[in-house]
Amino acid sequence: MENIDESFCQETEHRPKQSTIEAENIPLIDLSPILTSDPSNFSSEITHLVAQIGDACQKWGFFQVINHGVPSTCREKIERASKEFFLLPTEEKRKVSRDEDNPLGFYDTEHTKNVRDWKEVFDFVVENPTILPASHEPHNMELTELKNQWPNFPANFREACEEYAQGIEKLSYKLVELIALSLGLSSKRLNSYFKDQTSFMRLNYYPLCPIRHMALGVGRHKDSGALTVLAQDDVGGLEVKRKTDGEWIQVKPTPDAYIINVGDIIQVWSNDRYESVEHRVIASSKKERFSVPFFFNPSHYVMVEPLEELINEESPAKYRAYNWGKFVSRRNLSNFKKLDVENVQIYHFRNGDL
């Protein structure tokens, strides 16, 4: 035990349990109706699909989708490229290391809630370059460009990443349109927020963990963006906090399915009708794990606030407006160092006396 790096150790109450509860009745939603028609065409199939999406967002905050239209070959390519990259020598991976000036590329000392995660990551943006505020300080109006950096090996790495990102971006727009319809809005109501988007893709690698009873692959957290689309391998390890009783429930991998979870932005837009779900990743001492999340995020200049169609006298706005770019710039600080205070969260923008 004397050789354990304490930066990985979770507080006792947040450590994984020895036994896991496997999730039952997680919504598994067939998206085939939207492959042949626009979501705004109100066929009985689309109406049923929208109701399923709304029910899943309200009761679970996440769901799985099948028949989603993303070619399986795209997924196979990026999963293969990801494995080949992470199995390179560390010094080779660090040639494309990210830092505080450019938060894109390889990184192996990320923190969640001020505890180091047992994982390695590689991040890249969908729109290259992506524009973000240069500082989280409110009066600093300077902008900065984030540009992808790509490794020389594996040879087809960039191509696999960019091709996959295009397919997942199309799926994300379809999902956002279905969520808009489930809230009683027009299907395209949210689309304009994603012009000049700040979306990014992450490749995750979770090595074998000899202290899995003390560490986590990723600590408990909620996603701060709009929507997350996750591809996980057959190893599993994703756990979500069940709303009904607060128990951590393991999400069993479903072949060729994507796991979708509502992020904080949709929680705010919906004025708490939908709630983002807390989740974490358990480390394994038996098998390495790989996953690929896509974080669908709006442009840096978007002011996030409850949508006017969803607020009234009986249901007033539960949040003050906040700037997405400044919000994400502030949160990014905690990826590189342990903060003295809790990182910014959406509840910091809650209106009082509701």
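Position 1 is the first residue of the sequence, and the numbers go up from there. Side chains are part of it too, since the values below use all heavy atoms of this structure and drop only hydrogens, waters and symmetry mates.
With hydrophobic clusters built from ILVMFWY side chains whose heavy atoms lie under 4.5 angstrom apart, Phe294 does not share a cluster with Ile66.
Between the side chain of Ser285 and the main chain of Cys209, no donor-acceptor pair closer than 3.5 Å is present. Thr47 contributes a side-chain N or O that, together with a main-chain N or O of Ser43, makes up a donor-acceptor pair within less than 3.5 Å. Between the side chain of His48 and the backbone N or O of Glu45 there is no donor-acceptor pair closer than 3.5 Å. A donor-acceptor contact shorter than 3.5 Å is absent between the side chain of Asn271 and the backbone of Leu307. Judged by distance alone, the side chain of Lys119 and the main-chain N or O of Ala283 form no donor-acceptor pair under 3.5 Å.
Across all their heavy atoms, Ala81 and Pro154 have their closest contact at O-CG, 3.7 Å. The two residues Cys57 and Val262 have their closest heavy-atom pair at SG-CG2, 3.7 Å. Residues Ser82 and Leu203 share a closest heavy-atom pair of OG-CB, 3.9 Å. In plain terms, the two heavy atoms of Lys287 and Leu208 that are nearest each other are N-CD2, 3.2 Å.
Side-chain contact of Asp256 with Ser72: a donor-acceptor pair under 3.5 Å is absent, judged by distance alone. Side-chain contact, Gln149 with Arg98: no donor N or O sits under 3.5 Å from an acceptor N or O.
Between Arg158 and Glu162, at least one side-chain N (NZ, or NE/NH1/NH2) sits under 4.0 Å from a carboxylate O, which counts as a salt bridge. Ionic pairing of Lys83 and Glu288 is not present here: no N-O contact between side-chain nitrogen and carboxylate oxygen is shorter than 4.0 angstrom. Using a cutoff of 4.0 Å between basic side-chain nitrogens and carboxylate oxygens, Glu247 and Arg242 are not scored as salt-bridged.
In this structure, OG on Ser276 lies 8.0 Å from CG on Asn261, to the nearest 0.5 angstrom. The CD1 atom of Ile249 lies 8.5 Å from the CZ atom of Phe62; values are rounded to the nearest 0.5 Å. Annotation: the span from Leu190 atom CG to Leu181 atom CG amounts to 9.5 Å, rounded to 0.5 Å. Taking CD of Glu305 as the reference point, atom CZ of Arg320 lies at 12.0 Å (rounded to 0.5 Å). Rounding to the nearest 0.5 Å gives a distance of 9.0 Å between NZ of Lys222 and CD of Gln345. Rounding to the nearest 0.5 Å places CD of Glu127 at 11.0 Å from CG of Asn148.
Taking the side chain as every heavy atom from C-beta outward, Asn351 and Lys318 never approach each other to under 4.5 Å. By the 4.5 Å heavy-atom criterion applied to side chains, Gln267 and Asp272 are counted as neighbours. Proximity of Arg280 to Val218: side-chain heavy atoms (C-beta onward) are nowhere separated by under 4.5 Å. Using a 4.5 Å heavy-atom cutoff, the side chains of Ile131 and Asp196 are not in contact. Looking at Val229 and Phe296, their side chains never come closer than 4.5 Å, going by heavy atoms from C-beta outward. Side-chain contact check for Ile179 versus Leu227: some heavy-atom pair is nearer than 4.5 Å. Put simply, the side chain of Arg189 does not reach to within 4.5 Å of the side chain of Leu183, judged on heavy atoms. Phe124 places none of its side-chain heavy atoms less than 4.5 Å from the side chain of Leu104.
Checked against the 6.0 Å centroid threshold, Tyr319 and Phe349 do not count as a close aromatic pair.
Under the side chain to side chain donor-acceptor pair (under 3.5 Å) criterion, the residue pairs touching residues 88-97 are Glu92-Lys95, Lys93-Glu120, Arg94-Asp108, with sequence neighbours excluded. For residues 48-57, the pairs satisfying salt bridge (Lys or Arg N to Asp or Glu O under 4.0 Å) are Asp55-Lys59, with sequence neighbours left out.
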Between side-chain atoms of residues 164-176 and protein atoms elsewhere (two or more places apart, or another chain), which donor-acceptor pairs fall under 3.5 Å?
{"residue": "Glu169", "atom": "OE2", "partner": "Gln197", "partner atom": "NE2", "Å": "2.7"}
{"residue": "Ser172", "atom": "OG", "partner": "Ile168", "partner atom": "O", "Å": "2.9"}

Exercise for the section: Could you walk me through whether Val281 and Arg289 pass side-chain contact (heavy atoms from CB on, under 4.5 Å), step by step? Expected result: CA-CA 10 Å; Val281 174; Arg289 178 180 184 263; 3.5 Å; yes

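Tested against Trp324 for a side chain to side chain contact (heavy atoms under 4.5 Å, CB included), the candidates Pro133, Ser299, Ser224 yield a single pass: Ser224.
Surrounding CD of Glu309 are more than 12 heavy atoms belonging to other residues, nucleotides or ligands, all under 6.0 Å away.
Note: Trp150 and Phe157 have perpendicular aromatic rings, judged against thresholds of 30 and 60 degrees for the angle between ring planes. Using the six-membered ring where Trp is involved, Phe86 and Phe290 have ring planes that are tilted, between 30° and 60° apart.
A cation-pi geometry, defined here as NZ or CZ lying under 6.0 Å from the six-membered ring centre and within 45° of its normal, holds between Arg75 and Tyr258.
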